[in-house]
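Below is one structure, written out as structure tokens, with a few remarks after it.
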Amino acid sequence: MKGESELSQLRNIGIIAHIDAGKTTTTERILFYTGRSHKIGEVHDGAATMDWMAQEQERGITITAAATTCFWKRLDRSYQINIIDTPGHVDFTVEVERSLRVLDGAVVVFCAVSGVQPQSETVWRQADHYGVPRLAFVNKMDRVGADFKSVLDQMAQILHTQPIAVNLPIGEEERFEGVIDLVEMKALYFIEDNQGSEYRVEVIPEALAQLASKAREALIDAVTALDDRLLEKALEGEELNPEEIRQALRIGTLANRFTPVFAGSAFKNKGVQPLLDGVVDYLPSPVEVSAIQGMDPVSHQPLTRHADAEEPLAALVFKIQSDPFVGSLSYLRVYSGFLKTGEQLYNVGKEKKERIGKIFQMHANKREEIDLAQAGDIVAVVGLNFSTTGDTLARKNEEILLEKISLPIPVISIAIEPKTKADQDKLNEALAKLEKEDPSVSVGRDPETGQILVSGMGELHLDILVDRLNREFKLSVNTGKPQVAYRETVLNRIKASEIFDKPLLGKPTWAKVEVELEPLGPGEANRVEVSAGTPLEIQLAPLLKEGLEEGLASGVLAGYPVINLVARISSLDIREDAFNPQAFKIAAGLALRKALLAGTPTQLEPIMKVEVTTPPEFMGDIIGDLNARKGRVQSIEDKKTVQVIHVGVALSTMFGYLTSLRSLSQGRATFSMMFDRYEKVVS
């Protein structure tokens, strides 16, 4: 079993960013410099190790989060780094969400030209939600328009963090040569002849000495604000040694007080080794993060598990992946305890027994079989039949229930049907597998036409899904035009009651339930509240909750799910001589429906946050087109050679926008779009 000293040399990190910032390219360099791979795979050649899916290689984007393990030697100690390379496209944001849920630290990659982009904000907020300490890597310093200082300013203004430069670039754009290490106050020049595997350490160039000195002062100011002893030393004019600075930077990073920032160009093989040093110097090991919190599934009392193989097992299933050779792979983060091949475990939420068939250490889609996984490990296992994303595994009589993973709301749907009747069962089976694998996919039926409706996060998401049906499941399907996934809510606070007075199973049955609905603000998750005091009420609570949740799945206007409200049971009337628990579930559903009808129901549509980047000469036409789509321009940003338009617009008006934008800008403008909120439909 790993002791605390071994766990202290383990790092579980994610590489996260906006699309095209260079996450996968950075990961490929990390694998090369750590010796995990012997050649560099390039994204644009379709040869990146971590982009193993055919769709990823063809499109040059990451679609699914891929895990790997590598080792890095730092100051005579070897560190194990478990890395998850995540997608940058907003349609696959669930991959980032569930990865950050199980990671201890993250490297956020920013493009030196584009700076903080919309998906950069999203992944940053996701990391904030889980309290994940971060490093920043300002990539593409070799590109025209690269501006290191501008990216730091945007991080402070948009992400509300305190960026602390620990590197400075030596030159920018085509003059980018290397980086200045502000901790050691040395210049590092990466040798291009051996793909940057080695670098020369030299004195800081005289032309940059003043800039480096000023940046070093800002670094010292940040670390001395955390440590009175260091502050006193600095005030007395003593020089802080590099180890003292690194230790203080580590404390501040782990506390999320600031974000150390590195500079480089992964594609040009410059700046990646200092980033790896930063990962082991500043990001936490499993023993340095807070103990995982959960609850006892019976008493609902809080429970805690520490990163210790001797504690009871607590593991979270965070990803399901279909594998053509071993079937279904379930990715686990082991928070405490250990698990072995062949042993029986317990799915706490589903109350099902599970058996571990095999345990694998993953390297993208390659598997390395191991016999044991323990606290701190991220592994994949075969043999789980019931477990899905967000489920907790423990041992019977040592149960703990960990917090579920929050999942995004699908905003777009397509109708789908097999080209031949004979493929209907095969299609149902394939969609069930894809829905289990990707919890941001939802499969249902149109209540009017009976067609299968598949909902997802965007047009690209659904394109990939249809492509996978064709390639992986050998299914040819017909698809309808994309449709908006509307929602419903109520505008007023309302109460309604319902009496169920009919015989059930030949016995007199009577139940009365009163339901209260209370609207919430945009973006707030539904809450279902059932207070229970008496033994009979405690017995009824799960059924009442089930009745309300089932009722909220289909609204009263057009059958869309109901969101943004609290549904609570405000009172119950029980007659013990005519008592049947099922009657209360039925009455709760009927009372809810009555309340929905009386609470001024309204339909909601998804509003998207759109960012258009365009040369200035096309801006007028593009804004005119966005206005015609009833878009609301929020700001226009001037970034050297381009203008960036930020606009909020209804998804229903944005189908086929890429074609229009190319036409308006002679193919020179680009855009990104991500879900923002639901708003009342305006006709």
Side-chain angles (χ1 to χ4, degrees), residues 63-67 84 86-87 92-103 126 130 292 294-295 297 313-324 326-335 339 343-360 362 373 377-396 399-410 427-444 452 454-457 461 464-465 468-469 472-473 525-526 542 545-546 549-550 553 561:
I63 291 168
T64 185
I84 297 181
T86 65
F92 309 104
T93 190
V94 69
E95 294 287 334
V96 184
E97 185 78 30
R98 59 185 177 183
S99 299
L100 284 172
R101 172 69 172 80
V102 299
L103 292 169
Q126 288 171 312
Y130 292 114
I292 192 71
M295 71 173 185
L313 173 68
L316 186 77
V317 180
F318 70 93
K319 178 179 169 69
I320 307 291
Q321 179 181 306
S322 296
D323 187 286
V326 297
S328 184
L329 280 170
S330 302
Y331 283 73
L332 306 181
R333 166 67 192 263
V334 184
Y335 286 101
L339 55 94
E343 76 169 311
Q344 185 173 281
L345 300 178
Y346 187 64
N347 183 315
V348 181
K350 293 193 169 82
E351 300 181 355
K352 297 279 189 181
K353 293 176 183 176
E354 295 275 30
R355 186 171 295 280
I356 302 295
K358 292 181 179 179
I359 307 172
F360 296 112
M362 297 300 294
D377 286 342
I378 292 176
V379 295
V381 303
V382 174
L384 304 186
N385 295 318
F386 306 103
S387 301
T388 53
T389 299
D391 284 355
T392 305
L393 294 178
R395 287 191 177 85
K396 191 72 173 162
E399 295 100 326
I400 181 173
L401 192 59
L402 303 178
E403 181 191 350
K404 285 271 194 183
I405 296 172
S406 56
L407 300 172
I409 302 169
L427 176 62
N428 292 339
E429 188 180 322
L431 289 173
K433 282 185 180 177
L434 291 172
E435 191 176 21
K436 184 178 180 182
E437 188 177 318
D438 183 352
S440 64
V441 169
S442 173
V443 180
I452 296 173
V454 180
S455 303
M457 301 304 299
H461 190 198
I464 297 289
L465 187 138
R468 289 187 63 191
L469 286 173
E472 294 173 32
F473 299 95
N526 281 351
K545 190 173 182 182
E546 202 177 302
E549 287 173 345
E550 287 177 6

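- Every side-chain hydrogen bond (donor to acceptor under 3.5 Å, both in side chains) that Glu546 has, sequence neighbours left out, goes to Lys585.
- The backbone N or O of Val96 sits nowhere less than 3.5 Å from a side-chain atom of Gln126 that would complete a donor-acceptor pair.
- In terms of heavy atoms, Lys319 sits closest to Thr389 at CA-OG1, 4.2 Å.
- Across all their heavy atoms, Ile400 and Thr392 have their closest contact at O-CG2, 3.1 Å.
- At most 12 non-hydrogen atoms from other residues, nucleotides or ligands lie less than 6.0 angstrom from NZ of Lys545.
- At a threshold of 4.0 Å, the pair Arg333-Asp377 does not count as salt-bridged, since none of the basic side-chain nitrogens sits closer than that to a carboxylate oxygen.
- Shown here for Arg98 and Pro439, the closest heavy-atom pair between the two residues is NH1-CD, 3.1 Å.
- Residues that satisfy the salt bridge (Lys or Arg N to Asp or Glu O under 4.0 Å) test with Arg101, not counting sequence neighbours, are absent from this structure.
- No cation-pi contact links Lys350 to Phe386, judged by a cut-off of 6.0 Å to the six-membered ring centre and 45° from its axis.
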Checklist entry - Going through the distances and angles, do Asp391 and Leu316 end up as a side-chain contact (heavy atoms from CB on, under 4.5 Å)? => result CA-CA 6 Å; Asp391 284 355; Leu316 186 77; over 6 Å; no
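- Under the 4.5 Å side-chain criterion, counting only non-hydrogen atoms from C-beta, Leu469 is in contact with Leu434.
- No more than 12 heavy atoms of other residues, nucleotides or ligands shown are found within 6.0 angstrom of CD on Glu351.
- Note that CG of Leu100 and CD1 of Ile84 are 9.0 Å apart. Values are rounded to the nearest 0.5 Å.
- The main-chain N or O of Glu437 is never found under 3.5 Å from a side-chain atom of Gln321 such that the two would form a donor-acceptor pair.
- Taking each heavy atom of Lys353 and Tyr346 in turn, the nearest pair found is N-CD1, 4.4 Å.
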Item to check | Test side-chain contact (heavy atoms from CB on, under 4.5 Å) applied to Ile452 and Asn428, step by step | outcome: CA-CA 9 Å; Ile452 296 173; Asn428 292 339; 3.5 Å; yes
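- Using a 4.5 Å cut-off on side-chain heavy atoms (C-beta onward), Leu103 and Tyr130 make no contact.
- The two residues Ser442 and Glu435 make their nearest non-hydrogen contact at CA-OE2, 3.7 Å.
- For the pair Phe473/Leu427, no side-chain contact is recorded, criterion being any heavy-atom separation below 4.5 Å from C-beta on.
- Separating the CG atom in Leu313 from the CG atom in Leu339 is a distance of 5.5 Å, to the nearest 0.5 Å.
- A distance of 6.0 Å separates CG of Leu332 from CG of Leu393, quoted to the nearest 0.5 Å.
- Summarising the geometry, atom CZ belonging to Arg355 is positioned 11.5 Å from atom CG belonging to Leu384; distances are rounded to the nearest 0.5 Å.
- Residues Val382 and Leu329 have side chains in contact (heavy-atom distance under 4.5 Å, counting atoms from C-beta outward).
- The distance from the CD1 atom of Ile405 to the CD atom of Glu403 is 9.0 Å, given to the nearest 0.5 Å.
- Nearest approach of His461 to Ser440, heavy atoms of both residues: CE1-OG, 3.2 Å.
- Judged as a side-chain contact (heavy atoms from CB on, under 4.5 Å), and not counting sequence neighbours, Pro542 has no contacts.
- Atom CD of Glu354 and atom CG of Leu345 lie 8.5 Å apart (nearest 0.5 Å).
- Side-chain contact check for Met362 versus Tyr331: some heavy-atom pair is nearer than 4.5 Å.
- Under a cut-off of 6.0 angstrom, the local environment of NZ in Lys404 is crowded, with over 12 non-hydrogen atoms contributed by other residues, nucleotides or ligands.
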